[in-house]
Amino acid sequence: MNVLLKFYHRLGSPREFYKISSALIPWLGWTSLILILLASYLGLVVAPSDYQQGDSYRIIYVHVPSAWLSMFIYVVLAVSAAIGLIWRMKMAYVIMICSAAPGAWFTMVALITGSLWGKPMWGTWWEWDARLTSELLLMFLYIGIIALYNSFDERRVAEKSTAILAIVGVINVPIIHYSVEWWNTLHQGSTVMRADGPAMDVRMLWPLLIMAFGFNLYYGLTLMQRARNQVLVQEARSSWVQSLVTEREQQ
Amino acid sequence: MTSTLYRLFLRDCKHHLRKQSDILNPLCFFVIICSLFPLGLSADRELLNTIGGGVIWVSVLLSMMMGLNQIFRDDYEAGVLEQFLFTHTTLTQVALAKIAAFWCLSALPMIILAPVMGTAYHLNGDQILVLMMGLTLGTPTLALLGSIGAALTLNLKNGGVLLAILILPLFAPVLIFGAGMVSAVGMGLPVNAQLSLLGALMFGSLSLAPFATSFALKNSLDY
Amino acid sequence: MTSTLYRLFLRDCKHHLRKQSDILNPLCFFVIICSLFPLGLSADRELLNTIGGGVIWVSVLLSMMMGLNQIFRDDYEAGVLEQFLFTHTTLTQVALAKIAAFWCLSALPMIILAPVMGTAYHLNGDQILVLMMGLTLGTPTLALLGSIGAALTLNLKNGGVLLAILILPLFAPVLIFGAGMVSAVGMGLPVNAQLSLLGALMFGSLSLAPFATSFALKNSLDY
Amino acid sequence: MSPTIDSTIPDLQVINAVVTRSDLELFEPVSFNCTRGQVIHMVGQNGVGKTTLMRSICGFRVLHSGQILWDNKDIEKNKNFYLNSAYLGHRDAHSPLQTAWESLHFYQQLYTPGANKGDIDPLLNKLDLLAQADVSVDHLSFGQKRKLAIARLLLSERKLWLLDEPFSGVDRAGRELIENIFVQHISSMGMIVLTNHGRLQNSQLLGCVSELELFQHNIMLKEL
Amino acid sequence: MSPTIDSTIPDLQVINAVVTRSDLELFEPVSFNCTRGQVIHMVGQNGVGKTTLMRSICGFRVLHSGQILWDNKDIEKNKNFYLNSAYLGHRDAHSPLQTAWESLHFYQQLYTPGANKGDIDPLLNKLDLLAQADVSVDHLSFGQKRKLAIARLLLSERKLWLLDEPFSGVDRAGRELIENIFVQHISSMGMIVLTNHGRLQNSQLLGCVSELELFQHNIMLKEL
Ligand code: HEM
Ligand SMILES: Nc1ncnc2c1ncn2[C@@H]1O[C@H](COP(=O)(O)OP(=O)(O)OP(=O)(O)O)[C@@H](O)[C@H]1O
Ligand SMILES: Nc1ncnc2c1ncn2[C@@H]1O[C@H](COP(=O)(O)OP(=O)(O)OP(=O)(O)O)[C@@H](O)[C@H]1O
Ligand SMILES: [Mg+2]
Ligand SMILES: [Mg+2]
């Protein structure tokens with residue numbers, strides 16, 4: 001417990017964060033790469049083709065992980081926003097704002113792969129069905145968050161404002177998830193995340209889970225990198241960054 | 001506390017009425033958007049009935065959004081908002097009073113006018129009733145959530161359109177339930193579930209939005 | 001004369017781009033309104049195809065209107081507008097440059113995005129083509145007519161919504177022809193007549209609106 | 001209304017205040033105390049940060065470092081501070097839709113609910129605004145707006161006045177009048193913190209003034 | 001640029017000017033001439049109508065009665081007048097999205113298309129704004145904005161300057177600087193019409209100043 005608490009506090013300081021992330025980044029990078037390659041092999045080669053959809057279902061290995069992540073990242077964003085507001089932690093805001101862009105990208109990927117998949121499955125690129133629309137709204141939320149943050153010139157104000165928006169917007173996440181149950185939609189109901197366990201061939205399921213894990217680590221990686229940049233920019237005038245710069249120059 | 005709220009509420013109403021068009025405007029806007037659609041589409045009875053509920057809801061939503069941008073702006077730009085900090089009145093009270101005044105003078109008239117519009121779109125009696133109930137439960141939520149957005153974008157130059165982007169995703173659930181009810185009732189389906197969801201959304205936002213708004217207001221004084 | 005216009009045009013474009021969201025915003029707004037309707041109505045393919053043209057046109061119109069309010073306001077409130085009187089530049093040139101910049105940064109992206117939206121509403125290839133042609137001919141008219149309204153409401157506190165009321169009726173003909181074309185082509189009817197009418201409206205407003213606007217601008221300096 | 005007075009403790013204490021704009025420290029750390037009957041006159045060249053400091057003293061902005069205390073407690077969320085002070089910034093804080101009379105009435109209700117409406121007319125008269133009582137605030141001239149803001153201060157009956165260029169746009173007679181109002185406020189144990197580019201002229205007032213000069217600094221932000 | 005100079009005709013003539021606000025005549029009819037090398041200093045209590053008269057001289061408002069002539073021709077639609085004068089009102093006329101440098105560059109292009117960009121930096125330096133060259137106008141302090149507006153005047157190279165309270169918010173050093181700028185302008189046969197509540201201090205300038213006092217009138221509108 002004590003160790004955890006200490007770690008948490010260390011993460012809370014930009015300088016410590018910078019050090020810790022330097023150590024973490026290679027690990028995150030390599031594991032995510034390995035997992036993604038492994039899952040691709042399992043998914044594209046080992047897993048059998050679907051008796052209905054043939055091979056076109058394999059896009060699931062990109063679509064579903066990125067769709068999950070688009071929601072997960074939003075939750076991360078909202079939680080760090082809350083932490084930032086309540087405990088006034090600098091790093092929480094950094095995590096918040098650095099999550100926005102990856103979140104938007106994953107949402108974008110989910111939308112694009114979804115509509116690529118939709119064409120063979122439903123015969124259209126786009127359908128105004130509840131889940132698709134709410135995913136689109138999530139995209140708007142991300143855009144709104146990024147736009148709002150960039151509209152302020154005093155960072156202190158931007159952070160708080162964005163945090164409020166992020167927290168208010170979190171109601172959209174359950175709406176996206178449950179939309180398939182609340183409304184009659186074209187989109188697949190929950191097949192993996194079900195109370196009674198996943199309804200899917202295990203040979204298809206495993207690659208999906210591995211891929212999802214790999215994507216998650218990849219998100220962690222981009223988050224770390226973005227956060228490091230942000231920290232450097234924010235603390236550009238502090239002595240530890242200055243000394244970092246001089247170190248670099250000497251090398 | 002109540003009397004302060006009431007006094008602030010009255011002041012805001014008076015201002016809106018003095019500006020005259022402030023009440024009339026969203027109303028006119030509402031009427032105009034509602035009438036644009038039959039122009040843009042066609043006057044087919046069936047079609048109008050099908051889209052009626054949706055169009056009226058979307059018009060209400062857009063009209064309210066047009067007004068939201070102004071809800072705190074006058075007081076903010078004049079420097080009145082910051083003066084409230086020096087009084088017993090809290091920004092939460094200020095926010096609540098302003099939201100209430102805004103609702104009374106923009107949403108309420110639209111709710112009252114909704115039957116007329118409904119008739120124009122050939123909605124039947126039940127549908128109109130459900131439309132009005134939906135609007136009564138839904139518009140406070142829109143005003144409350146919208147006020148958060150309005151407070152957030154207060155010290156931005158480009159507030160107006162950014163505001164739209166920020167709050168439209170938040171408005172979507174209200175729209176879905178509200179407009180969904182009208183079509184459901186047209187098909188003879190029950191609408192209790194949607195009504196209670198709308199009610200829940202209203203109470204939820206009523207209990208949270210004023211605080212979020214007042215926090216955002218305080219934040220926008222930091223320049 | 002041309003170089004002044006060009007310089008003013010560039011300056012305005014630069015400002016819009018600097019505000020960043022000024023270009024993105026009407027665009028996002030357009031996309032959002034377009035996506036609200038299916039939420040409020042239903043996802044029925046047939047229905048969406050029928051109303052698609054109308055909805056996209058109405059969304060374009062509303063998005064442009066949201067932006068119009070700002071077209072002269074910044075310069076007016078800062079007191080820059082009155083300074084133009086002291087230069088070789090006429091207010092007509094100023095108005096033209098601002099309208100052009102506004103069109104390029106708000107209408108043009110929407111026209112480019114229209115096919116995407118059209119697909120979402122299941123419009124067919126011909127319809128999308130006609131939609132884009134209509135928007136190309138119609139949006140300049142909207143911008144030009146709208147600028148008159150924007151100039152007229154410049155020294156009013158409640159400009160925004162009043163502006164909407166003033167200009168929406170003026171926009172009606174454009175909307176009727178523009179959206180009408182999309183449905184007509186869906187039914188295999190010819191659309192030459194509408195196209196030439198839209199063209200005529202555009203040239204008509206191009207030759208008159210800048211002068212009306214500059215007169216209204218001059219007038220709003222008298223306070 | 002206030003607790004028993006301990007005259008050894010200054011009411012407003014500013015300790016090593018540093019304010020920043022876009023990560024630049026504006027001036028060298030500033031400390032001062034303000035006790036009853038005292039006027040602090042902040043001076044400094046344009047852009048040195050007077051307005052920024054004033055807004056920090058009001059609690060609108062957060063200080064980069066340093067402290068601002070009222071009765072020995074930080075002013076943040078210190079309701080006691082806010083109920084004992086009044087602020088006049090570059091903006092006059094009249095809502096443009098009210099008339100001059102209504103604006104004052106509105107503030108009277110906020111400051112002291114249930115106060116007597118009849119007090120407003122004499123106040124307007126004092127500031128030579130009685131003829132404008134029913135004119136919309138929007139239509140007042142530049143200087144008239146400023147005078148109306150001073151009337152609001154008087155209405156507030158607060159101990160500490162925080163004034164950012166109170167004389168800007170005010171005519172000669174008005175200036176003398178306002179300085180007299182300051183003298184009265186000070187002699188009834190009030191406090192004033194003000195910025196002003198001209199010199200104060202009233203000799204009685206000058207006796208209580210401490211000048212506080214801000215010096216430009218503009219060094220890079222130090223680590224917290 | 002201007003036609004041959006006939007020094008017996010004053011360049012700006014204001015003849016029996018009467019301005020009204022909501023059907024009230026503000027002050028007694030005013031007449032004055034302004035010739036090269038002259039400063040007209042309008043004074044009058046707050047709300048007497050200085051700003052209103054100034055805006056009429058600019059042609060933004062229509063006079064209730066009387067005439068304003070430039071080179072013996074009415075100023076309405078008189079391009080010759082507009083191309084020889086520059087106006088600075090209560091509002092500074094910088095568009096908030098530009099930086100200080102850009103704002104000046106923009107005006108330079110408008111006033112004298114094709115002028116040399118390099119002239120801007122020295123001008124900013126002269127007004128002590130060089131450090132703010134790349135700061136958004138919106139972020140300048142109150143006095144800095146005012147100084148930037150004075151820089152615009154210099155850029156315009158116009159003969160007649162119409163200035164409404166040019167010193168408001170400007171610090172002591174800036175005030176002296178601006179008065180010196182006025183002296184230079186006057187000595188190169190420029191003209192200035194200004195309002196200002198304080199007294200002008202530069203002795204050289206005072207030599208050219210004619211004070212014009214506006215007296216409150218406020219009688220009901222006479223039948224035309
Ligand atoms: C643009 C179109 C699409 C979008 C925006 C979209 C969006 C989403 C989202 C947000 C999720 C995660 C839901 C959750 O975990 O609660 C998801 C999951 C999923 N999607 Fe899509 N989707 C699209 C098209 C499709 C298509 C065409 C198919 C195939 C028929 C499909 C199959 C799936 C499957 C199987 C899941 C996993 C469901 C689960 O177990 O939770 N999607 N999609
Ligand atoms: N939002 C902002 N972002 C960045 N810099 C700013 C911002 N606002 C003000 N500044 C800068 O901060 C400095 C201090 O401004 P401030 O308004 O406090 O000065 P001041 O002392 O009140 O000047 P004045 O006497 O002109 O009123 C100025 O140099 C200004 O350029
Ligand atoms: N739009 C308006 N409608 C009615 N009255 C107005 C309007 N604008 C100004 N006034 C009145 O006209 C009078 C003259 O105003 P003006 O701004 O010209 O005064 P001023 O001499 O410039 O004063 P100051 O020294 O305060 O700047 C004021 O008494 C004011 O109340
Ligand atoms: Mg200042
Ligand atoms: Mg004036």
Side-chain angles (χ1 to χ4, degrees), chain B residues 15-16 18-22 24-29 31-33 35-42 44 47 50-59 61-63 65-67 69-70 74 77 106 156-165 167-169 171-173 175-176 178-180 182-183, chain C residues 15-16 18-22 24-29 31-33 35-42 44 47 50-59 61-63 65-67 69-70 74 106 153 156-165 167-169 171-173 175-176 178-180 182-183:
Chain B
H15 283 194
H16 289 312
R18 187 162 301 171
K19 268 188 171 184
Q20 275 195 5
S21 13
D22 240 26
L24 272 177
N25 280 357
L27 202 66
C28 288
F29 195 63
V31 175
I32 292 178
I33 306 187
S35 34
L36 277 183
F37 274 95
L39 287 181
L41 306 168
S42 72
D44 182 51
L47 180 67
T50 323
I51 63 169
V55 168
I56 293 175
W57 261 97
V58 172
S59 312
L61 203 149
L62 290 174
S63 308
M65 227 181 49
M66 296 281 290
N69 190 22
Q70 286 301 314
D74 277 349
E77 293 196 336
S106 76
L156 299 181
K157 286 253 155 293
N158 52 1
V161 201
L162 187 60
L163 172 62
I165 295 172
I167 60 183
L168 274 178
F171 282 7
L175 177 69
I176 294 174
V182 182
S183 14
Chain C
H15 283 196
H16 289 312
R18 185 161 305 169
K19 270 187 171 184
Q20 273 196 4
S21 13
D22 240 27
L24 268 179
N25 281 358
L27 203 65
C28 288
F29 195 63
V31 176
I32 292 178
I33 306 187
S35 33
L36 276 183
F37 276 97
L39 288 183
L41 305 168
S42 73
D44 182 55
L47 181 68
T50 323
I51 65 167
V55 168
I56 292 175
W57 262 96
V58 171
S59 310
L61 202 149
L62 290 175
S63 309
M65 230 181 46
M66 295 282 289
N69 190 23
Q70 286 301 316
D74 277 350
S106 76
T153 54
L156 301 180
K157 286 252 159 292
N158 50 3
V161 201
L162 188 61
L163 172 63
I165 294 171
I167 60 179
L168 272 180
F171 284 4
L175 178 70
I176 294 175
V182 181
S183 10

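The sequence lines fix the lettering, A, B, ..., with proteins before strands; numbering per chain opens at 1.
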I would like to know whether C:Ile51 and B:Leu47 meet side chain to side chain contact (heavy atoms under 4.5 Å, CB included); could you show each step before the answer? CA-CA 9 Å; C:Ile51 65 167; B:Leu47 180 67; 4.2 Å; yes
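When B:Leu61, B:Val58, B:Ile33, B:Thr50 are compared by the number of non-hydrogen pairs under 4.5 Å with chain C, B:Val58 comes out ahead. Here C:Ala179 is the residue among C:Ser183, C:Ala179, C:Gly180 with the most heavy-atom pairs under 4.5 Å with chain B.
Residues passing the side chain to side chain contact (heavy atoms under 4.5 Å, CB included) test with B:Ile165 are C:Asn25, C:Cys28, C:Ile32, sequence neighbours excluded. With sequence neighbours excluded, the residues that form a ring pair (Phe, Tyr, Trp, His ring centres under 6.0 Å) with C:Phe37 are B:Phe37.
There is no contact between C:Val31 and chain B, counting heavy-atom distances below 4.5 Å.
One finds the CE atom of C:Met65 at 3.5 Å from the CZ atom of B:Phe29 (value rounded to the nearest 0.5 Å).
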